[in-house]
Amino acid sequence: MWESGSPVCSRMAFSAWVAWLGAALILGAGGCGPKFPNKDAQCPAESIAGEGYEFESMTLGPGNTDRLFVCLTFSGGGTRAAALAYGVLEGLRGTAIPPLPGDGRPRCLLDEVDIVSSVSGGSFTALALGRWGDELFSSPFADRFLYHNVTADLVTRIIVQNLLILPIIFPDRIHIAADYMNERVFDHMTYAGLRQQRPFIVVNATSMAGHRFQFTQDDFDLLGSDLDSVPLGHAAMASSAFPLLLSPMRLRYYRNDLSTYALRQVLTDDDSELSTPRRRQWARQVVVPDAPDYGLDADEHRFVYLLDGGVCDNLGLEYVIDAYRYGPIQRRLAASADPNQRIEHLVVIVVNATPELPEEIEDRKIAPGLFDMASRSAAIGVNSHTRTSLEFARCLLEPDQIHRPGEGAQASLSTESAEMTRAWQGHLIEINLQHLQDPDRRQRLARLPTDFHLHKDEVRDLIAAGRELLTTHSGFVKLQAALAR
């Protein structure tokens with residue numbers, strides 16, 4: 001939900017968010033109930049054997065190959081982001097690509113999507129794709145979420161449920177919202193019910209301990225927990241837990257064989273794809289200091305508290321970058337890779353619903369207030385990181401497209417990237433409302449609030465914009481031409 005430009009609250013649907021915030025302030029800053037959605041892993045061997053919700057456990061669907069490897073990232077931005085992402089998926093479904101050799105069945109580019117990494121509002125569309133697959137567009141998702149006034153339902157439910165049990169306990173607002181999403185949007189489905197065919201869906205949140213958190217079994221291994229039992233609505237709301245408006249999502253650590261195994265692997269096996277800088281930092285924080293068995297320090301680390309994923313990565317791009325540097329993408333780019341798995345075209349489509357509105361602060365004579373300073377301090381860091389991530393991804397995927405003013409910048413390109421681009425072709429395509437040709441439409445859609453309720457005509461326009469921005473993007477046109485050869 002974090003955005004660039006003017007303060008976040010100035011672009012929210014004022015009445016709805018004020019009602020939500022008022023309820024939050026009246027009913028307390030957080031919940032104190034013992035509820036958490038993840039359970040102790042009963043069969044850790046299954047996860048250790050790689051049978052949990054991990055990329056390598058996903059099967060190739062009909063029409064999917066590793067030679068064309070497509071990653072999507074969906075940004076935060078409430079229903080605005082969810083609808084724009086939905087339109088991009090429609091555009092991919094409507095883009096025909098050549099059939100596989102020896103198989104005359106028609107294919108579309110949506111068939112080739114391998115990974116979807118999402119944040120906040122984009123996580124609802126990502127999980128819906130994981131839930132319904134290519135039947136998403138005939139599913140009830142659009143009516144239940146995109147076109148529905150979710151904000152009003154959430155405000156009502158939070159107020160009513162708090163008032164009903166107020167004498168006993170202050171329930172977590174985030175869990176009330178998650179229960180609602182489980183019921184209305186995802187039919188009470190847990191991760192165990194997600195499709196085991198690609199794309200692999202990675203929902204991102206932010207741990208209050210200072211690191212990015214992914215709803216994958218790899219991260220749940222460090223919790224000693226089983227992701228399969230977690231409801232989809234809880235993952236989506238953890239990714240959307242905007243500070244102050246919602247309480248953080250609480251997950252529980254378990255000291256067991258699984259967490260011990262995972263901590264040992266991360267901290268001792270430098271060659272493991274799981275031993276990334278993010279996971280090593282996390283593991284060092286929670287392991288018993290100087291313990292030979294690498295067990296979890298369960299006295300000091302009982303719960304992980306999760307906030308909106310946009311706090312540290314509002315594009316969902318960091319997972320894809322990690323997969324490129326350490327994980328499944330890196331393995332499939334290597335010259336030693338199985339020829340059937342070796343990537344020839346690596347496509348990353350970034351759906352960025354973050355509006356870039358004109359600044360409205362530099363003409364003020366009165367110094368900004370505390371809330372204004374706090375919101376901007378957070379947004380400035382996130383926006384700067386967003387731009388850096390995009391440029392870093394572009395340097396990795398399309399080094400020849402980077403403008404370098406001098407030889408020093410040219411020399412900064414890593415040897416690894418330069419060698420890899422000789423064996424495969426990279427494509428980075430950013431879908432951004434700022435790229436709309438009509439200035440009035442561009443400004444109108446960019447000024448839509450970060451909310452879970454938009455007018456139906458606005459949602460339809462966002463979906464159409466997603467399709468249009470994808471199919472007319474110069475990089476997408478070049479990709480189609482390359483695939484046709």
Side-chain angles (χ1 to χ4, degrees), residues 30-57 172 174-175 190-192 202-231 234-235 238-239 241 248-307 309 311-312 318-319 322-323 325-328:
C32 56
K35 186 174 183 179
F36 37 84
N38 65 310
K39 300 177 181 178
D40 193 341
Q42 299 299 314
C43 299
E46 292 182 1
S47 178
I48 294 172
E51 296 184 6
Y53 193 73
E54 302 168 346
F55 179 82
E56 297 298 351
S57 69
D172 283 323
I174 189 69
H175 287 288
T190 67
Y191 269 82
V202 182
V203 172
N204 297 275
T206 301
S207 167
M208 292 185 69
H211 59 83
R212 182 167 46 87
F213 183 92
Q214 299 164 180
F215 278 79
T216 65
Q217 185 56 54
D218 289 339
D219 271 21
F220 273 69
D221 284 352
L222 290 173
L223 298 178
S225 185
D226 180 10
L227 177 59
D228 280 355
S229 63
V230 175
H234 280 73
S239 184
M249 176 71 69
R250 174 173 46 205
L251 302 179
R252 184 169 180 176
Y253 283 102
Y254 297 94
R255 183 184 171 104
N256 54 25
D257 291 343
L258 177 57
S259 62
T260 299
Y261 175 91
L263 287 168
R264 182 185 300 112
Q265 184 180 34
V266 169
L267 293 174
T268 62
D269 189 355
D270 292 336
D271 293 330
S272 170
E273 69 178 76
L274 302 180
S275 189
T276 64
R278 175 187 70 90
R279 291 171 63 84
R280 283 198 299 271
Q281 176 194 2
W282 179 11
R284 292 189 189 110
Q285 289 176 343
V286 301
V287 72
V288 175
D290 302 320
D293 64 349
Y294 296 93
L296 173 72
D297 188 350
D299 293 331
E300 295 293 331
H301 300 277
R302 300 173 57 203
F303 303 103
V304 58
Y305 288 93
L306 302 178
L307 297 174
V311 172
C312 65
E318 291 297 314
Y319 172 81
D322 280 354
R325 299 176 69 192
Y326 313 105

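The shown structure was predicted, so the numbers you read here are calculated from the model rather than taken from an experiment.
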* Run the ring pair (Phe, Tyr, Trp, His ring centres under 6.0 Å) check on Tyr53 and Phe55 step by step: do they pass? -> CA-CA 7 Å; Tyr53 193 73; Phe55 179 82; over 10 Å; no
Working to the nearest 0.5 Å, report the span between [atom1] of [X] and [atom2] of [Y].
X	Y	atom1	atom2	answer
Asp221	Thr260	CG	OG1	11.5 Å
Arg325	Thr276	CZ	OG1	9.5 Å
Arg252	Phe303	CZ	CZ	5.5 Å
Phe215	Met249	CZ	CE	6.5 Å

Side-chain touch [X]/[Y], heavy atoms, less than 4.5 angstrom:
X	Y	value
Leu227	Asn38	no
Asp218	Arg279	yes
Val230	Phe220	yes
Gln217	Asp226	yes
Asp297	Pro289	yes
Val311	Met208	no
Glu54	Leu274	no
Asp269	Ser275	no

Could you tell me whether a side-chain N or O of [X] sits under 3.5 Å from a main-chain N or O of [Y], the two making a donor and an acceptor?
X	Y	result
Ser259	Leu223	no
Thr190	Pro231	no
Arg264	Asp293	yes
Ser225	Lys39	yes

So which atom in [X] and which in [Y] form the shortest heavy-atom distance, rounded to 0.1 Å?
X	Y	value
Pro37	Leu251	CG-CD2, 3.5 Å
Tyr253	Leu296	CB-CD2, 3.6 Å
Arg255	Gly295	NH1-C, 3.5 Å
Leu307	Pro248	CD2-CB, 3.8 Å
Ala238	Ala205	O-CB, 3.8 Å
Ser207	Val304	OG-CG2, 3.6 Å

* To do: Let me see the working for Arg278 and Glu318 under side-chain contact (heavy atoms from CB on, under 4.5 Å), right down to the final yes or no.
  => CA-CA 10 Å; Arg278 175 187 70 90; Glu318 291 297 314; over 6 Å; no
* Is the CZ atom of Arg302 crowded by more than 12 outside heavy atoms at less than 6.0 Å? ->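 Counting other residues, nucleotides and ligands, CZ of Arg302 stays at 12 neighbours or fewer.
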* Return yes when atom CD of Gln285 has more than 12 non-hydrogen atoms of other residues, nucleotides or ligands closer than 6.0 Å, and no otherwise. =>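 Yes, CD of Gln285 has more than 12 neighbouring heavy atoms, counting only those of other groups under 6.0 Å.
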* Going by an N to O cut-off under 4.0 Å, is there a salt bridge joining Asp219 and Arg212? ->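 Between Arg212 and Asp219 there is no salt bridge, as every charged N stays at least 4.0 Å from the carboxylate O atoms.
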* **Aromatic contact, Tyr294 with Tyr261 (centres under 6.0 Å)** =>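 Aromatic pair excluded; centres sit 6.0 Å or further apart.
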